[in-house]
Structure formats: C-alpha cells, structure tokens
Protein chains: 2
Amino acid sequence: MIQVCLVDDHVLLRDALAETIESFDECKVTGVAAHGKELQQIVERGVIPNLVLLDLNMPEMDGYDTAEWLFTHHPEVRVLILTMYDSEVALIRLLQYGVRGFLRKDIHPFELRAAISAVMKDGYYYSHRTTGKLATLFQKSYQENLPVERVMLSDMDIQFLRLVSTDLTYKEIAGKLNISVRSVDGYRDSLFDRLEVKSRVGLAIFALKNGLISA
Amino acid sequence: MIQVCLVDDHVLLRDALAETIESFDECKVTGVAAHGKELQQIVERGVIPNLVLLDLNMPEMDGYDTAEWLFTHHPEVRVLILTMYDSEVALIRLLQYGVRGFLRKDIHPFELRAAISAVMKDGYYYSHRTTGKLATLFQKSYQENLPVERVMLSDMDIQFLRLVSTDLTYKEIAGKLNISVRSVDGYRDSLFDRLEVKSRVGLAIFALKNGLISA
DNA sequence: GCCTTAGACGGGGTAAACCCTCAATAAATT
DNA sequence: AATTTATTGAGGGTTTACCCCGTCTAAGGC
C-alpha cells in the first residue's frame, strides 16, 4: 500500500484529490497539508509517507524549500511535483533535490494514477513535456558550449529577478543587494542573454510566469 | 434540484469538484467544460443549467467573455466565479455581466456549498473579502471625487496593459495602437496614478496579477 | 607556476522611460 | 450656445535603462 501525503494550499483541490487517490486501490492518503511547515509537523510526528504530492506556490514554506528539506532529512520519501505551470527553472532547481516527477494540474486523473504507479515502480515519472524541456535545456547548453550550471539560475539570479519584478530602480536594487549599479548591470545583461528577453519587463514577466514571486 | 455546469480547464480540479457537488443532495452536475466555447456547445445543445461555476483564466474563451455571453444570451443562468486570485479589476468587469458571486479556489468545500445555496436562494453570494474590495473601491472613488468608471479600467486601459506587459518599447506600442508616443505617455501616467505604481514593471505585475495576460 | 572563468566594478555613451506644461479636437453636459 | 470632459498629442526636460568598452580579484584546472 502506497502511503501518500498531499501538500497544497488550495483546500478544494487538495481534498478532492485526496478522495480521488483514496479511490485507487493501491494508495492510502496518510496526511494532507496546506504548506511545507504543516508537512514537516506531520512527518516529525512520525507519519512518514512513501510519496509526497507537492505543489510549488504556497504560503509559509513553498515547494522548493519543502523538496529540499525532504531531500536532506528524508531522502527515502519520493516527491512528485503537482503544479499549475511548469518551467525550466522549476525543473532544474527541483531535480537537484531529487524529485521523482512533474505533473501539471491540467492533467487527467488517469495520468495522475499512472504517474504515481511509475514513481513507485520505476522510481521516476517524466512526461514527454518534461523530458522535452530537459532536452531543450541540455541542447541549448551544448550549442552554446556552456555547462548546464550556466543555463540554470543561481540563487543570486533568483533573488535578483525578485527585485527586478518590483517598482524599485536598479540603483535601489543595488543598495538592497549591497553591490554597485554596474554589478546590477552585469546580472541584468547576463539574464537578458540567458532568458532571451530584451527588457526589464521581460525579466519581470519571466519571474511571474515561473512562480518566482507570489502572484 | 439545482442543475450545475462546471467550466474550468484544470481537469483534475474540475472533475473532483464535480464529484463533490454531486454529493450535495440539492445539486446535480449536468455538464463540464474546459472553456467557454465548450460551455456554449453544451448550452446550445439545449442543456441549460441553473448555475454555472466559472473559472477566469482559460484557453479559447476566458471567463470574462463567457460571463458576457451568458449575460446577453441566457440571463436566467446564474454565474458563480471560481478563480485562483480575485482582484478589483475582475470584480468590476464581472459585476457588469451580472455574475452572482465570487469564490477563491482556496476556500473550504462547505463554503462552496453555502455559496451555491445562497446564490440559488438569495440570488447572490458575496464574501466579506468581496464586499471589502468593493467597499474599498467605492471609497476610493468617493474620496477622489471621481465616478466609479474613472477607478475601473476601460477596454483601452486593458489593451494597453497587455502591450505594456511585453518586451515592446512605448514607440512600438504606439505603432500597434496607431497613436502617438505622447498619447501612450498619457495612458501610462493615468494608469500610474490610478493603480498606484511608479514604473512600467509595476503595470506589468498588475496585469499579471489580475489575469489580464495568460500567465 | 599559468591559464581560464566568473564575479564585482568603473567610464562613457545612446536610447528609452518618465514627467511636467500646454493645446486642439470632439463628444457630452448643462 | 457655453462649459465641461476625454482623447490625443506637442515641446522640452530629467532620470533610468540599456550596452558597449575596459580592469581587478578570487577560484579552480592542469
């Protein structure tokens, strides 16, 4: 019997999903949480699931931090991401934390069941869409003769993108990060290049679409 | 028996929701659709529901257009908005189309049932949050001695916001709208004032958060 | 040791964004 | 007919954003 925990702040979807998963003979929902902190409490109480279905955008403690925590403290727990919009950024960041698969919320229930089965049987579940995105990413890093680390975003990049998606000027951003305006220029231009946008608005839109800021 | 149609492109939530609603004794789900076009087909086939639970961000035909279509062609059908994020813009636009209530997707199932009951019994359901937003809006229009139309966004504003949330320069935007760059300045400054932001990025963020562009 | 690479910073420049003031037109109000 | 109001847009200005050119330093590969 697969013991599943659901982590999503959208109660309506989460509870309905719990019923759907309970209807699968091979599964049992042993816990539901609105965000990472709640999951932590459940796990630390000794209820350790086999599989965690994890949303990304949540209050308190988001999916990234939750995946990282599970990876370092309970690596035996398999994590399946269930999110609104997928993105290369999410993909790369989460692969580092050993997540076993990615699902968009617009899938059909039978794909959910297939994904759960695959994760428990084969250890992972990557849809065509996911592998496609990964392939594009590695292809890009190969064509431009750059390591994958260059294509993906660092913590600094993400911190920077969060500030860019704000009414602050670059001068103010430089102040917040304790670096010079020229360094800000450098990060910006680097991101222009890698994210293939031409303006600050493009960066902000990218940050929004990739869930880097709470929409 | 209340006949309900569900319109949402997220199959997982929509189908789970259908089961939840079917479990309410007073309700029956007579149709599900992924977007407005599908709902149109259902209705034009003669299956006219009492209540439509409507998402806003959808492909093909979004919630706004769907609400407008229902309002003009089938005003007897009551519309209850079920969306990810609520916003003043959505509120004002949709009130024009006679929608009966607003629900965020992070509510509890019992609030959904209460809302459905209220809409069918009293004709509407406005949560404290909704009425709060409305109050703020009217208060603002009163304080600034402006008609509500001044506080809400025109079609031009929305069209403009969509273009602002793009890599295009204002010169290019002016070209697209067949107006001069100075007029663009005017629209921009007017929106700065009304939306209380200081930069183009602020406008883009606003547009995203209010679902004016597909995220 | 040397070489590359990445990060932080500067000079100096152009284009874009921002922000005033004012004015002509047309539609709506009175 | 007169007044307001909205729309559009011009002149002219400052600030910010964008994008080259560099240098220096620290970290890591061989």
Distance check needed: [N] [atom2] versus [X] [atom1], whole Å only.
X: A:L168; N: D:dT15; atom1: CG; atom2: P; answer: 19 Å
X: A:K198; N: D:dA17; atom1: NZ; atom2: C1'; answer: 15 Å
X: B:D189; N: D:dG9; atom1: CG; atom2: P; answer: 15 Å
X: A:D193; N: D:dC19; atom1: CG; atom2: P; answer: 10 Å
X: A:R182; N: D:dA17; atom1: CZ; atom2: P; answer: 13 Å
X: B:R188; N: D:dG9; atom1: CZ; atom2: P; answer: 15 Å
X: B:L191; N: C:dC19; atom1: CG; atom2: C1'; answer: 15 Å
X: A:R200; N: D:dT16; atom1: CZ; atom2: P; answer: 11 Å

- Task: Whenever both distances are under 3.5 Å in a Watson-Crick or G-U wobble pair, mark it; put DNA chain C into dot-bracket that way, with [ ] for crossing pairs and | when the partner is on another strand.
- Result: |||||||||||||||||.||||||||||.|
- Item | Within residues 170-180 of chain A: residues closer than 4.0 Å to DNA chain D (heavy atoms) | A:Y170, A:K171
- Item | side-chain contact (heavy atoms from CB on, under 4.5 Å) between A:V79 and A:R100, worked out | CA-CA 6 Å; A:V79 175; A:R100 306 308 189 102; 5.5 Å; no
- Message: When you measure only distances, ignoring hydrogens and angles, does the side chain of B:D185 come within 3.5 Å of the base of C:dC19 through a donor and an acceptor?
- Response: yes
Donor-acceptor list for residues 68-76 of chain A side chains, cut-off 3.5 Å, not counting sequence neighbours:
| unit_1 | atom_1 | unit_2 | atom_2 | d |
| --- | --- | --- | --- | --- |
| A:W69 | NE1 | A:H73 | ND1 | 3.3 |
| A:T72 | OG1 | A:E68 | O | 3.1 |
| A:T72 | OG1 | A:W69 | O | 3.1 |
| A:H73 | ND1 | A:W69 | O | 3.1 |

- Task: Give, for atom CG of A:L39 and atom CD of A:Q41, the distance between the pair rounded to the nearest 0.5 Å.
- Result: 9.5 Å
- Message: Applying side chain to side chain donor-acceptor pair (under 3.5 Å) as the test, list every pair that has at least one member in residues 114-125 of chain B; sequence neighbours left out.
- Response: B:E111-B:Y125
- Query: Which residues satisfy the salt bridge (charged side-chain N to carboxylate O under 4.0 Å, His left out) test with A:K37, sequence neighbours excluded?
  - Reply: none
- Item | Contact under 4.0 Å: B:S183 side-chain N or O vs D:dG9 OP1/OP2 | yes
- Query: Just by modelled atom types, is the B:K198 backbone N or O under 3.5 Å from a matching donor or acceptor in the A:D167 side chain?
  - Reply: yes
- Would you please say whether a donor-acceptor pair under 3.5 Å links the side chains of B:D193 and B:S190? no
- In whole angstrom, give me the gap between the P atoms of D:dC19 and C:dC18. 16 Å
- Ion pair A:R14/A:D55, N-O distance below 4.0 Å: no
- Note on the structure: For B:N50, the side chain to side chain contact (heavy atoms under 4.5 Å, CB included) test, sequence neighbours excluded, returns B:I2, B:Q3, B:M120
